[in-house]
Amino acid sequence: MASANVARIFGAKGYNSTVITACAASNQAIGEASEAIRRGVVDIVLTGGTEASISELGLSGFCILKALSTRNEEPDKASRPFDAGRDGFVPAEGSAILILESLEHALDRGATILAEVAGFGTSCDAFHAVQPDETGEGAARAIRWALADAETPPETIDYINAHGTSTQLNDAIETMAIKTVFGERAYKVPISSTKSMVGHALGGAGALEAVACVKSILDGVIHPTVNQERPDPSCDLDYVPNVARQQRVDVVLSNSFGFGGQNTCTVFRRYAE
């Protein structure tokens with residue numbers, strides 16, 4: 001009903017879909033929208049994600065799963081991806097919507113082109129209802145497929161926007177997956193988690209992070225992972241701790257991994273006329 005209601009309001013009678021792959025949903029929605037454009041089904045798509053899930057029932061479920069941070073005495077420090085003291089994610093609500101269109105359509109209407117969706121990959125762990133595959137193989141597969149789709153090797157990635165939820169399992173396994181794909185390059189590419197500052201907006205998270213990726217390309221700024229205080233031996237990469245970094249960014253990988261073992265990765269690239 002979400003996309004159906006939007007379509008009704010705007011009279012959009014073409015391709016329509018709602019992606020419901022948990023925390024990977026809005027990243028996957030962006031990838032699926034780009035695929036629809038590639039197939040020639042549409043010229044322009046409204047895509048992204050939204051989440052308004054904070055409720056007693058929802059929070060109770062996450063508490064039972066022991067997925068939430070209990071750092072209630074320091075709420076500003078509760079979300080701490082990749083830090084040794086991380087103890088769960090901080091739930092959030094939010095939305096971000098992008099307009100994707102074919103290059104020809106954008107040029108014809110004189111649009112200001114902000115960036116290009118260069119590649120998209122999605123996979124499933126087929127492992128556990130809520131825990132990620134402990135080997136990181138499923139996440140690594142999605143990263144590889146996104147890079148292959150973008151026809152860009154790992155060494156060309158200037159920045160990785162991590163899923164980075166601040167849970168023990170996710171952050172360590174995402175780090176493992178990045179190492180698997182990037183090898184020694186993993187220690188040189190900057191990585192940061194938007195969730196460290198805005199919390200985890202679940203189905204809306206990937207779209208919020210897509211905006212952060214595009215802004216990194218436009219502004220030459222990589223936002224930090226805040227609350228990085230104690231190193232974790234299992235998370236030993238460059239997570240841009242606490243302070244934003246000025247750096248030219250041309251190609252970005254954005255990771256989103258959801259319950260059910262859903263893995264989605266999108267590559268954003270600077271638009272070159």
Worksheet item: Which pairs with one or both residues in residues 177-191 pass salt bridge (Lys or Arg N to Asp or Glu O under 4.0 Å), sequence neighbours excluded?
Response: Lys179-Asp236

Discussion item. Closer than 4.0 angstrom, basic N to acidic O: yes or no for Asp232 and Arg230?
Written reply: no

Worksheet item: According to the interplanar angle, ranging from 0 to 90°, do the rings of Phe62 and Phe259 count as parallel (below 30°), tilted (30 to 60°) or perpendicular (above 60°)?
Response: tilted

Fill in: Criterion salt bridge (Lys or Arg N to Asp or Glu O under 4.0 Å) on Asp158 and Arg270, from CA distance to verdict
CA-CA 11 Å; Asp158 298 309; Arg270 180 183 298 276; over 6 Å; no

Worksheet item: Of all heavy-atom pairs between Asn263 and Asp125, which one has the smallest distance, and what is that distance?
Response: ND2-OD1, 2.8 Å

Worksheet item: Would Arg245 and Asp238 pass as an ion pair if we require N to O under 4.0 Å?
Response: yes

Discussion item. Please give me the minimum heavy-atom distance between Cys23 and His163, naming the atom from each residue.
Written reply: CB-CE1, 3.9 Å

Fill in: Donor on one side chain, acceptor on other, Thr18 and Ser3, under 3.5 Å
yes

Worksheet item: Listed by chain and number, what are the side-chain hydrogen bond (donor to acceptor under 3.5 Å, both in side chains) partners of Asp83, not counting sequence neighbours?
Response: Arg80

Worksheet item: Do the side-chain N and O atoms of Thr175 and Tyr239 include a donor-acceptor pair separated by under 3.5 angstrom?
Response: yes

Fill in: Closest approach of Leu68 to Pro91 (non-hydrogen atoms, all atoms of both residues)
CD2-CD, 3.9 Å

Worksheet item: Is there side-chain contact between Phe120 and Val267, with at least one heavy-atom pair below 4.5 Å?
Response: no

Response to the item:
So CZ of Phe82 and CG of Leu237: to nearest 0.5 Å the spacing works out to 8.0 Å

Item to complete: Give, for atom CG of Leu114 and atom CG of Leu218, the distance between the pair rounded to the nearest 0.5 Å.
Response: 5.5 Å

Worksheet item: Which heavy atom of Leu208 sits nearest a heavy atom of Ala201, and at what distance?
Response: CD1-CB, 3.8 Å

Fill in: His223 side chain to Ser216 side chain, donor-acceptor N/O pair below 3.5 angstrom
no

Practice prompt. Would you give the length of the straight line joining atom CG of Asp87 to atom OG of Ser79, rounded to the nearest 0.5 angstrom?
Written response: 10.0 Å

Practice prompt. Could you tell me whether the side chains of Glu209 and Asn27 share a donor-acceptor contact shorter than 3.5 Å?
Written response: no

Worksheet, complete the sentence: Distance col, row Arg39:CZ vs Tyr15:OH, nearest 0.5 angstrom, shows 6.0 Å

Discussion item. Please find the pair of heavy atoms, one from Val130 and one from His128, that lie closest to each other, and give the distance.
Written reply: N-ND1, 3.0 Å

Response to the item:
Interatomic distance, OH@Tyr159 vs OG@Ser192, rounded to 0.5 Å, equals 2.5 Å

Worksheet, complete the sentence: The salt bridge (charged side-chain N to carboxylate O under 4.0 Å, His left out) partners of Glu155 (sequence neighbours excluded) come to none

Worksheet item: Taking side chain as C-beta onward, heavy atoms only, is Gln247 less than 4.5 Å from Val240?
Response: no

Discussion item. On a heavy-atom basis, which atom in Ala29 and which in Gly48 lie closest, and how many Å separate them?
Written reply: CB-O, 3.7 Å

Item to complete: Please confirm whether the backbone N or O of Asn227 pairs with a side-chain atom of Asn242, one donor and one acceptor, at under 3.5 Å?
Response: yes

Worksheet item: Asp171 and Ser166: side-chain donor and acceptor closer than 3.5 Å?
Response: no

Fill in: Gap separating the CD atom of Glu174 from the SG atom of Cys235, nearest 0.5 angstrom
9.0 Å

Worksheet item: Should the heavy atoms of other residues, nucleotides or ligands under 6.0 Å from CG of Leu57 be counted, would the total exceed 12?
Response: no

